[in-house]
J.: 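Sending over a structure as structure tokens; questions will come in a sec.
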Amino acid sequence: MSSIFVSSLFNSYSKYIEEKLENKRFTHSDILPLITKAAASGNLLVNSTGHSFENREIFSLKFGNGKTKILLWSQMHGDEPTATMALFDIFNFLNADDEFNNYREMIKEKLTLIFVPMLNPDGAERILRCNAAGIDLNRDAARLQSPESKILMELTDTILPQFAFNLHDQDYRWSVGDSNKLASISFLAPAYDVQKSVSPARADAMKLIAKLKQDFEIYLSGQIARYPDDFESRSFGDTISGKGVSTILIECGREVGNINKSYLRKINFMLLLSSFKEIAEKKYLEQNSLDNYFSIPTNGKFLFDLILRKVNFITNGRKYYSDIAINREEVYADNSRVPFFFGKIEDMGDLSPFNGLEEFDASELYFEAPKVAQKLCNNIADLNSEYLSGLLRDGFQFVKYVGDINQKSFTNLPINLISKNSTYLPAAFPASAANFNLLRNGSPFKQVVNGWLINPGETSLIKNGLIF
Ligand SMILES: [Zn+2]
């Protein structure tokens with residue numbers, strides 16, 4: 001079930017995209033001109049709320065003068081930017097003059113929206129969860145030792161909102177319940193005590209979430225989940241919920257094949273604008289039981305990027321089989337705003353309770369440890385694609401490189417390099433880099449190179465190799 005309003009947002013979204021925010025690793029200096037732009041129309045009132053640890057200014061933007069107040073903040077974890085991008089799309093939407101004018105007028109009259117985009121600019125600068133003091137703001141709601149935490153608590157206590165939206169990105173390996181589906185969006189109406197009591201305000205948050213779940217099911221095909229609701233007295237959601245505010249946590253999950261999560265950014269845009277409409281019109285109150293909230297599956301076990309099932313091993317004369325779970329982690333090194341991927345063996349053994357986004361039955365294949373090409377290479381140009389495909393076909397995942405390497409951590413080549421002074425000895429074990437062969441009749445049938453499962457010699461899937 002969906003509403004006409006939601007589908008019209010879906011169809012019109014491209015008009016409002018803030019094109020300046022394309023790479024998710026933007027910083028405070030990237031959003032400053034966008035805040036100025038948002039304020040220029042006079043529809044959004046910008047206020048300085050204070051400064052971060054490293055003196056970056058944190059702003060609030062206000063829209064409307066209605067009785068019902070809504071406070072929203074994004075990116076209290078510096079490395080969780082999706083909702084910030086969506087907020088700037090929303091500012092463009094609120095400033096536009098088009099077929100949604102009736103909506104804007106209604107919101108302006110009935111609601112007061114107060115947005116705080118990027119509450120943790122110092123964390124965004126470093127692509128880190130915590131602030132510049134190393135403190136996780138979402139564990140600082142009781143002690144309030146960080147300037148950013150004080151800003152948020154002060155705003156809450158002066159505004160006294162009816163609703164609060166706490167906007168995050170979640171660990172992208174959560175699944176929907178026990179399924180092999182990724183949790184793309186997880187909601188929570190946070191508990192405010194260990195008994196997980198349900199006050200009228202918390203019930204309202206649950207009803208709104210239940211309504212959103214109904215309306216957004218078709219856009220997220222079964223990938224909506226509920227975040228665990230264990231009480232955490234140090235977190236803002238739980239603390240603000242305890243002040244009688246209907247609090248809604250929205251956690252944005254992973255988007256396969258798109259690290260900038262453009263689709264989930266659009267979904268965030270739609271979710272928030274729909275929430276405003278629901279709150280203004282009080283439609284969500286038609287949810288007459290909380291069952292629709294509690295029936296949303298909770299976030300489940302971690303998913304892995306790849307699970308190889310029942311790989312045969314012969315080690316020290318012993319024959320056994322083991323599953324191998326691999327993740328390809330996004331790594332930002334040397335202050336780069338563009339990641340490389342580190343393919344890592346996460347776990348081995350009986351992994352039958354877990355799911356892989358990609359699964360491969362290796363029960364007919366034999367494990368072969370990673371192999372290093374013995375011929376030394378001192379010129380990158382020698383590593384042409386024909387030569388590398390040949391090495392990979394022969395089951396090699398590593399080349400010893402004796403020339404100078406500018407890059408420290410990774411190479412755009414589809415093979416790993418071992419640099420001249422390195423003592424690295426490739427091995428395949430939990431926590432190590434994922435490189436090995438899968439043999440059939442003694443020769444490579446499949447190969448894992450930096451976490452990607454390929455037919456030997458086939459380089460197109462491998463985004464990067466690593467340098468050891
Ligand atoms: Zn977070």
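All ligand and atom numbering here is 1-based and tracks the order in the structure.
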J.: Strictly below 4.0 Å, N to O, side chains only: are Arg309 and Asp361 in salt-bridge contact?
T.: no

J.: So, at under 2.8 Å, which protein N, O or S atoms would a careful student list around the Zn ion (ligand 1)?
T.: His77 ND1, Glu80 OE1, Glu80 OE2, His168 ND1

J.: We want to know whether Tyr332 and Glu330 form a side-chain donor-acceptor pair, criterion being a heavy-atom distance below 3.5 angstrom.
T.: yes

J.: List for me each residue that meets salt bridge (Lys or Arg N to Asp or Glu O under 4.0 Å) alongside Glu19, sequence neighbours excluded, and say none if there are none.
T.: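 Partners of Glu19 by the salt bridge (Lys or Arg N to Asp or Glu O under 4.0 Å) criterion come out as none, since no residue qualifies.
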
J.: Ring centres of Phe93 and Phe100 under 6.0 Å apart?
T.: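 Yes, they do, as the ring centres are separated by less than 6.0 Å.
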
J.: Checking Lys277 now: which residues fulfil salt bridge (Lys or Arg N to Asp or Glu O under 4.0 Å) with it, not counting sequence neighbours?
T.: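 Once residues adjacent in sequence are excluded, the partners of Lys277 under the salt bridge (Lys or Arg N to Asp or Glu O under 4.0 Å) criterion are Glu281.
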
J.: Tell me every residue that passes salt bridge (Lys or Arg N to Asp or Glu O under 4.0 Å) with Glu255, counting only those two or more places apart in sequence or in another chain.
T.: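 Counting only residues at least two positions away or on another chain, Glu255 forms no salt bridge (Lys or Arg N to Asp or Glu O under 4.0 Å).
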
